[in-house]
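What follows is a single structure, written as C-alpha cells, with notes after it.
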Amino acid sequence: MDVPRRLVAGGVGLRLNKFLAGAGVASRRKVEALIAAGQVKVNGEVVREPGRRVDPERDVVLCGGRRVHPASDRVYLLLYKPRGYVTTTRDPQGRPKVTDLVPPGRRLYPVGRLDADTEGLLLMTDDGELAYLLTHPRYEVEKTYLALVKGGPGLQALQRLRQGVRLEDGITAPARVRIAGREGVDTWLEITIHEGRNRQVRRMSAAVGHPVLALKRTRIAFLDVGTLQPGSYRHLTQEEVTRLKALATAHQAGFS
Ligand code: URA
C-alpha cells in the first residue's frame, strides 16, 4: 500500500541528515558534523538536530549559506564549450569561464576538463557522485575528439597512437584512431580514448610527430554534438541521465 511520504513513521518528511546526505552534500557522518557545527539552516533557523524532519519540496534548507536541492532536482547539461573558455569555476586571470555559459543560481560543476583552446562537449552537473564516477581514472567513459594535426601521419604514427604512446606520465591506453579528412597538407584525425589525462590528445599527437593545430570533443559516451552550437547547451533527457548512470556504475563494477 502506498503511504504518503508526509505521513511516514516517525513524523513528517525526511530526517535532515538523510536529506542532506541524499542530496549529495557530504557523507552521513560529515553531514552530522556540519549540522552540529551550526552550518545548516531550515527556513532561516539554525538547526542542530540531525533528526529534525524536513519536507524537501517545501522547506528551504541551506548548508554553509547555499541552498540544498533534493536529489530528484539535479541538473545535467551538455554544453558546447567554445574555444577561449576555461573549464574552472574561478579564474584568477579573469578569462571567460564555462560557468558563465550556463544558467546562474545553481552551482554546476564541469565533469572533467577541456583545455582553454579546445572546443566541444562538456557535461555540467550538480550531481557530484555521477561527476566523480565519470571522471575517475578507473572508470572513465569513452570520449571522441576531432584533431587537426600537422602534416600527414603515416601508418606507423597511426599504429603508435592506437597501441599506446609513451608520455612522461606513462604509456597511454589503446585508442581508436582514424583519418577523418584532410585540410591542405594537414590531417583531421578522429581519436577515441577513455583516459582523461591532462592535454592527452595534444601530447599523444606531438609525441608521434604531428602536433595538434585544432581540437574538438565531439562525443562523450553516447552523447554527440547534434545541433549544439559553440556556447549553447541542452538539458539531458531523463533517459540519457539513466543511461549515463548505468554506464558509470557498470564501469565501477568492472563490467565493461
Ligand atoms: N586532450 C587534450 O589534449 N586536450 C583537451 O582539452 C582534451 C583532451
Side-chain angles (χ1 to χ4, degrees), residues 1-77 79 86-92 94 97-113 122-141 196 235-236 238 241-242 244-254:
M1 191 184 79
D2 271 357
V3 179
R5 204 187 52 231
R6 289 178 65 79
L7 300 177
V8 288
V12 167
L14 277 178
R15 288 170 63 91
L16 182 58
N17 55 354
K18 198 166 175 198
F19 166 71
L20 290 171
V25 166
S27 66
R28 188 81 81 94
R29 186 177 298 210
K30 282 202 186 127
V31 152
E32 281 172 14
L34 289 167
I35 297 172
Q39 289 290 310
V40 178
K41 282 185 179 173
V42 179
N43 302 328
E45 172 207 346
V46 173
V47 173
R48 291 179 195 269
E49 311 127 54
R52 167 76 75 88
R53 299 265 158 183
V54 292
D55 179 342
E57 307 302 324
R58 295 184 191 193
D59 294 326
V60 175
V61 181
L62 302 184
C63 183
R66 287 208 152 255
R67 177 91 192 255
V68 179
H69 297 273
S72 59
D73 198 19
R74 292 268 191 271
V75 176
Y76 303 87
L77 301 181
L79 169 73
V86 291
T87 314
T88 47
T89 50
R90 274 186 214 150
D91 182 50
K97 307 180 293 295
V98 289
T99 45
D100 301 337
L101 298 167
V102 298
R106 292 294 281 261
R107 192 183 261 199
L108 298 181
Y109 298 97
V111 177
R113 61 184 295 283
L122 185 69
L123 282 168
M124 306 272 299
T125 185
D126 53 0
D127 181 343
E129 194 184 339
L130 185 67
Y132 168 79
L133 288 176
L134 290 175
T135 53
H136 191 288
R138 274 182 51 206
Y139 328 126
E140 287 247 8
V141 296
H235 287 265
L236 297 190
Q238 189 52 54
V241 173
T242 307
L244 265 187
K245 286 187 179 168
L247 203 62
T249 41
H251 279 273
Q252 184 183 28

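Side-chain contact between L244 and Y76 is absent, with no heavy-atom pair separated by less than 4.5 Å. Within the 4.5 Å cutoff, side-chain heavy atoms of D55 are placed close to those of E57. Using a 4.5 Å cut-off on side-chain heavy atoms (C-beta onward), V40 and V61 make contact. At a threshold of 4.5 Å between non-hydrogen side-chain atoms, the residues R106 and R67 do not count as touching. Counting heavy atoms from C-beta on, the side chains of L236 and R74 never come closer than 4.5 Å. Contact annotation: the side chain of D126 never approaches that of R107 to less than 4.5 Å [non-hydrogen atoms, C-beta and beyond]. Residues P50 and V31 form no side-chain contact, since every pair of their non-hydrogen atoms from C-beta on lies 4.5 Å or further apart. Contact of the P110 side chain with the L79 side chain is not registered, since no non-hydrogen atoms from C-beta on lie closer than 4.5 Å.
In plain terms, the two heavy atoms of C63 and L34 that are nearest each other are SG-CD1, 3.9 Å. Residues L14 and P56 come closest through the heavy atom pair CD1-CG, 3.8 Å. Heavy-atom minimum distance, R90 versus P92: O-CD, 4.0 Å. Considering every non-hydrogen atom in both R48 and A36, the closest pair reads NH1-O, 3.0 Å. Taking both residues in full, the closest heavy atoms of A23 and H69 are given as CB-O, 3.4 Å, listed atom of the first, atom of the second, then distance. Residues P70 and F19 share a closest heavy-atom pair of CA-CE1, 3.9 Å.
A salt bridge between R52 and E45 is present, with a side-chain N of the basic residue lying under 4.0 Å from a carboxylate O of the acidic one.
Between the NZ atom in K30 and the CD atom in Q39 there is a gap of 14.0 Å [rounded to 0.5 Å]. Rounding to the nearest 0.5 Å places CG of L62 at 10.5 Å from CZ of R66. Of the inter-residue distances, the one linking D91 atom CG with T99 atom OG1 reads 9.5 Å to the nearest 0.5 angstrom. One finds the CZ atom of R29 at 12.5 Å from the CG atom of N17 (value rounded to the nearest 0.5 Å). Interatomic distance, CG of D100 versus OG1 of T89, reported as 10.5 Å (0.5 Å rounding). We find the CG-CG distance between D73 and D127 to be 12.0 Å, quoted to the nearest 0.5 Å.
For E49, the CD atom is densely surrounded, since the number of other residues' heavy atoms within 6.0 Å is greater than 12. Within 6.0 Å of the NZ atom in K97, the count of heavy atoms belonging to other residues, nucleotides or ligands exceeds 12.
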Just do the side chain to side chain contact (heavy atoms under 4.5 Å, CB included) check on R113 and V98 with the steps written out, would you?
-> CA-CA 10 Å; R113 61 184 295 283; V98 289; over 6 Å; no
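Of the candidates D59, V68, V60, V54 forms a side-chain contact (heavy atoms from CB on, under 4.5 Å) with just one, namely D59.
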